[in-house]
A.B. asks: 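Got a structure here, written out as structure tokens. Questions coming.
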Amino acid sequence: MPVYLPPDFADRMTDWSRDAVQSAERMMRENQQVREMMRQIRYRLREEARRQHWRQMIAERKARSREFSLIDSP
């Protein structure tokens with residue numbers, strides 16, 4: 001069964017192909033940028049959680065030492 005293609009189809013096809021390739025490349029770049037941004041966010045969240053953990057431990061240690069000093073004082 002013969003297929004009819006418009007005469008300018010081949011010209012338009014190259015534009016479509018080029019646009020599709022450019023779009024795919026742009027999506028890949030954006031995806032890499034999003035991955036890098038998410039990596040940085042995860043790193044910052046881990047660091048903040050560590051700092052918060054240490055602050056909590058120090059606060060608990062100070063509270064315990066104050067409790068003992070209150071017990072020992074006359």
Side-chain angles (χ1 to χ4, degrees):
M1 171 178 203
V3 176
Y4 171 75
L5 296 176
D8 66 338
F9 182 76
D11 295 333
R12 286 187 289 159
M13 188 60 170
T14 58
D15 291 341
W16 292 339
S17 297
R18 184 171 3 109
D19 290 346
V21 168
Q22 288 173 349
S23 177
E25 289 172 346
R26 186 174 52 251
M27 286 172 43
M28 296 268 298
R29 278 194 308 273
E30 290 171 355
N31 192 25
Q32 289 172 344
Q33 291 170 347
V34 168
R35 270 192 252 138
E36 177 61 22
M37 185 173 53
M38 291 303 294
R39 187 187 68 74
Q40 290 175 1
I41 289 171
R42 281 191 299 271
Y43 174 77
R44 290 178 187 155
L45 287 172
R46 272 194 310 270
E47 288 301 311
E48 181 58 31
R50 279 190 198 122
R51 281 193 291 274
Q52 184 63 30
H53 176 74
W54 280 105
R55 274 184 287 216
Q56 182 67 30
M57 286 179 57
I58 290 169
E60 289 173 2
R61 181 171 290 159
K62 284 181 181 179
R64 269 188 263 129
S65 69
R66 269 188 249 125
E67 288 173 11
F68 288 121
S69 66
L70 289 175
I71 294 172
D72 294 338
S73 65

A.B. asks: How long is the gap from NE2 on His53 to CD1 on Ile58, to the nearest 0.5 Å?
C.D. replies: 10.0 Å
A.B. asks: Can you check salt bridge (charged side-chain N to carboxylate O under 4.0 Å, His left out) on Arg50 and Glu47, steps first, answer last?
C.D. replies: CA-CA 5 Å; Arg50 279 190 198 122; Glu47 288 301 311; 2.3 Å; yes
A.B. asks: Measuring from atom CZ of Arg26 to atom CZ of Arg29, what distance do you get when rounded to the nearest 0.5 angstrom?
C.D. replies: 7.5 Å
A.B. asks: Do you reckon Ile41 sits in the same ILVMFWY cluster as Val34, going by side-chain contacts under 4.5 Å, direct or chained?
C.D. replies: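 Yes: a chain of side-chain contacts under 4.5 Å links Ile41 to Val34.
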A.B. asks: Can you confirm whether Met27 sits close enough to Asn31 that some side-chain heavy atom of one is under 4.5 Å from a side-chain heavy atom of the other?
C.D. replies: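 SC-SC contact between Met27 and Asn31 ruled out.
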A.B. asks: Taking everything shown except Arg55 itself, do over 12 heavy atoms lie less than 6.0 Å from its CZ?
C.D. replies: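 More than 12 heavy atoms, drawn from other residues, nucleotides or ligands, come within 6.0 Å of this atom.
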A.B. asks: Residues two or more places apart in sequence or in another chain: which of them pass salt bridge (charged side-chain N to carboxylate O under 4.0 Å, His left out) with Arg51?
C.D. replies: Glu48
A.B. asks: Suppose we screen for side chain to side chain contact (heavy atoms under 4.5 Å, CB included). Which residues come up paired with Gln22, at least two apart in sequence or across chains?
C.D. replies: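 For Gln22, the residues satisfying side chain to side chain contact (heavy atoms under 4.5 Å, CB included) (neighbours in sequence not counted) are Arg18, Asp19.
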A.B. asks: Between Glu36 and Arg39 (salt bridge meaning N to carboxylate O under 4.0 Å), is one present in this structure?
C.D. replies: yes
A.B. asks: Given the rule that I, L, V, M, F, W and Y join up when any side-chain heavy atoms are under 4.5 Å apart, are Met37 and Tyr43 in one cluster?
C.D. replies: no
